[in-house]
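Proteins get letters first, then strands, A, B, ... in listed order; numbering begins at 1 in each. The structure presented is a predicted model; accordingly, all values stated were derived computationally and were not measured. Scope of the values below: all heavy atoms of this structure, side chains included, with no hydrogens, waters or symmetry mates.
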Amino acid sequence: MSDIPAPPAPQEPPGAAAGGETLLRGRLNPLAMVIWMIHAGWQSIALVVFLATRGGGVRALAGVVLLAAAVLAWLHWVRFEYRVYADRLEVDAGVIRREHRVVPLQRVRGVTLEEPLLHRLFGVVRVRVDAAVAGDTKGELGLMAVSARQAEALRETVMRHRGEGGPADADGAGEPAAAPPTAVMSLAMTALEGATSLRYVAAPLAALVAVWNVLREVGLERIAWSGGRAAGRLLPTSLEGRVLLGATVVVLAVALAAVAAVIADGGFRLWLDRRRISTERGLLSRRRTAVERARVLGVEVSDSPLRRLLRVAVVHAPVGGMGVRADAESAGRVRVLPLGTRPDVTELAGRILPQAFGPLRRHPRAALRRRMVRALAVPVIALGVCLVGGWPLAAASAAALTALMAWVGVDRYRNLGHGAGETLRLRSGSLRRTHSALVVTSLVATEVSSTPFQRRAGLCSLELHLGLGAGQRTVTDLAPGQAARMVARIHPWAVDAAGADGDPAA
Amino acid sequence: MQPDPPDVSGPVPLPHPPGPDDHSDPFGPAGREAGHGDGPAPRLIEPERTLDPRVVGVWRITAAIPGVPLAAAGAYLAVIAFLNDAPTLVLLLASGLVCLAAAYVLVVVWPRKRHSLYRWTIRPEGVIIRRGWLWRKLVIVPHSRIQAVDADAGPLLRRAGLASLHVRTASGPGSPHIPGIDAEEAEELTRHIASRADAFDAT
């Protein structure tokens, strides 16, 4: 809503001293009161509706409850104020327990603008300021509902002054939404993302399992059983009928997955500029995320066998100090492009981290043996048991599984690779393979480890700790000399100078 | 909605335009195990310092808490086995001996072994710590990434005049510790490492 009193425009105070001038000051949008009542007070609304249907004097009580809720919501609104200074963000909030929070702008990792469905209806935006440090669960700060203009101004001001805490680095472009996006995703590509994602395709099955679990918890599994039996009677009896039904179910699940992805990620856009990476996605509720480039520790490209065939892949960026809740599937990573064709993906990755790709070193043959043993141990044992037990059908499926896992083992070895140059590069996996490129200086600690089995095979592992919640990346099964070469690139002081091989960094 | 701009094209130019010998395919085949002109592989520095030998005594006392009852149980079983000619004599004797052997390993052998496995060094650029017997680890932490250093000591360590030095970084698994060094040296080292870390902070 644009007709509410707008906050003062963000100004560049010439040489603003820390602690001084307020750059930005604002309240929530009045509609936050309604949203607050719906979110926090939905129980009281249910109570009001219940009381209102009783009629008579009770109806008056309903009015009282409603009035109380409204007054509380109003108090929340009145007591809430945020202020941005050159070096910090301050928020006053709370009715019964007054809160005064100060977040140094240097601690702010990112600002996320969200538009859930309700907010979209009202034309307001929810803002989350992520200021988490390791182990801090209360590191997040939210503004329930502000106008889009306020939200943009807040993000702009916070992100601009976050860096050195001063107006020195104000060279950035204006609102990212105003600039043309660096990349967009077509709806067809988004649908493909869902259709090729196990997470999306398996979602209906997961929902079914969840329903079943709930029924069992309340002791109603009998209903589910009889329902299942009734459904079972409807199943076609002929083989063709069953195959047809199976195919229909699969097609339906894939179609559903495509629709779900379009709803969640539809209209994905990405902006890259000198200082940050911003994304926007979602068909019904738009979600925006901005991450500072200084916090980006690398770039990762992953795919699966199906996506490999289609020559598409996904791009992530490991980010330090990022909570689980931003636009990440897991903590410490931001999705830069949910899905793109191989050329687009490589170009984009190279733009996020120059020299993200380069020659990779192969791992010793002993690594192949280890991959094969690991992939084949279980299926071969299963095959043996089935053969001894004399179950031909089970043995046939175990044999098929063995063949599949043999391919996976070989493929895992083929995909192993590492390299060190301007960036540290590592690649591994098969069913989900990932090429990571990391900024050399981003590592908090490096670990060379070996198990007895690895030592017997003359191998070791290298663990690269990114820290700040971004986890670690492991180079599995490389020769000790290869590990030493990688370490020489990361910590030139940690290898013997005599052996150092003319590395410019040494 | 604005009209869709073209896919992946923007104002930021590519830093390195793809050339003929471009390795831009992330999933292309990996090359040789060692590259051109790599020369001999460098060797990782072996940390040279060991833990203070007094820590072995501390570990022995700690191990004695389960070790002594274990040995007592073993001795009891063995004595019982000798005094009675029960049909299970051999079994009793065997389990008694196993208990005694386990207690011996726990209290006498393992602390010494553990001491010999631990190595550490503090260089001008960072800290290197080696540990582990079956699962061996060599952890390398540059001073510039150290957030905090602290030395602490439980009652046993304190009585032995020792302390344990913790190197804390932004990563949990990347935060090693040195479990037994002289208390005074630990104090000195915390100050030294902290000042090194600070020096990196300033630059």
Counting heavy-atom pairs under 4.5 Å to chain B, which of [options] comes out on top?
options	answer
E463(A), R455(A), H418(A)	R455(A)
Q454(A), R308(A), R433(A), Q472(A)	R433(A)
S442(A), A437(A), A349(A)	S442(A)
C460(A), A479(A), A445(A), P480(A)	A445(A)
D303(A), L270(A), N415(A), T441(A)	D303(A)

**Q.** Nearest-0.5 Å distance that lies between atom OG in S449(A) and atom CZ in R131(B)
**A.**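 So the gap between those two atoms works out to 10.0 Å.
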Q | Spacing of H465(A) atom NE2 and I140(B) atom CD1 [to the nearest 0.5 Å] | A |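 Going from NE2 on H465(A) over to CD1 on I140(B), the span is 10.5 Å.
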(Q) Take a 6.0 Å sphere around CD of E184(B) and say whether it holds more than 12 heavy atoms from other residues, nucleotides or ligands. (A)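 For E184(B), atom CD is not crowded (no more than 12 foreign heavy atoms under 6.0 Å).
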(Q) Just checking Y118(B): does its OH atom have more than 12 heavy atoms from other residues, nucleotides or ligands closer to it than 6.0 angstrom? (A)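 Correct, the count exceeds 12.
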Minimum side-chain heavy-atom gap [X]-[Y] below 4.5 Å:
X	Y	answer
R414(A)	P29(B)	no
W135(B)	S450(A)	no
L44(B)	V487(A)	yes
K137(B)	E447(A)	yes
L134(B)	T451(A)	no
V141(B)	V444(A)	no
E125(B)	H491(A)	no

[X] to [Y] - nearest heavy-atom pair and separation:
X	Y	result
L360(A)	P26(B)	CD1-O, 4.4 Å
Q482(A)	E33(B)	NE2-O, 3.0 Å
A30(B)	L416(A)	CB-O, 3.9 Å
R485(A)	P42(B)	CG-CD, 3.6 Å

Q. Within 45° of the six-membered ring axis of F27(B) and under 6.0 Å from that ring's centre, is NZ or CZ of R427(A) located there?
A.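 No; the conditions do not both hold, so R427(A) does not lie above the ring face of F27(B).
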Q | Structural part of R123(B) lying under 4.5 Å from a heavy atom of chain A | A |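 Just its side chain gets close to chain A.
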**Q.** Engaged part of V167(B) at the chain A interface, taking heavy atoms whose separation is under 4.5 Å
**A.**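 Answer is neither: V167(B) stays 4.5 Å or more from chain A.
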Q. Would I45(B) and D496(A) satisfy side-chain contact (heavy atoms from CB on, under 4.5 Å), going step by step from the backbone distance to the final call?
A. CA-CA 6 Å; I45(B) 283 181; D496(A) 268 335; 3.9 Å; yes
Q) Given R32(B) and R361(A), is the side-chain contact (heavy atoms from CB on, under 4.5 Å) satisfied, shown in steps? A) CA-CA 6 Å; R32(B) 278 168 303 193; R361(A) 297 279 157 82; 6.0 Å; no
Q: Heavy-atom distances under 4.5 Å only: say whether L443(A) touches chain B with side chain, backbone, both or neither.
A: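 For L443(A), the backbone is the part near chain B, not the side chain.
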**Q.** chain B contact via S302(A) - which portion, at a heavy-atom distance below 4.5 Å
**A.**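 The backbone, not the side chain.
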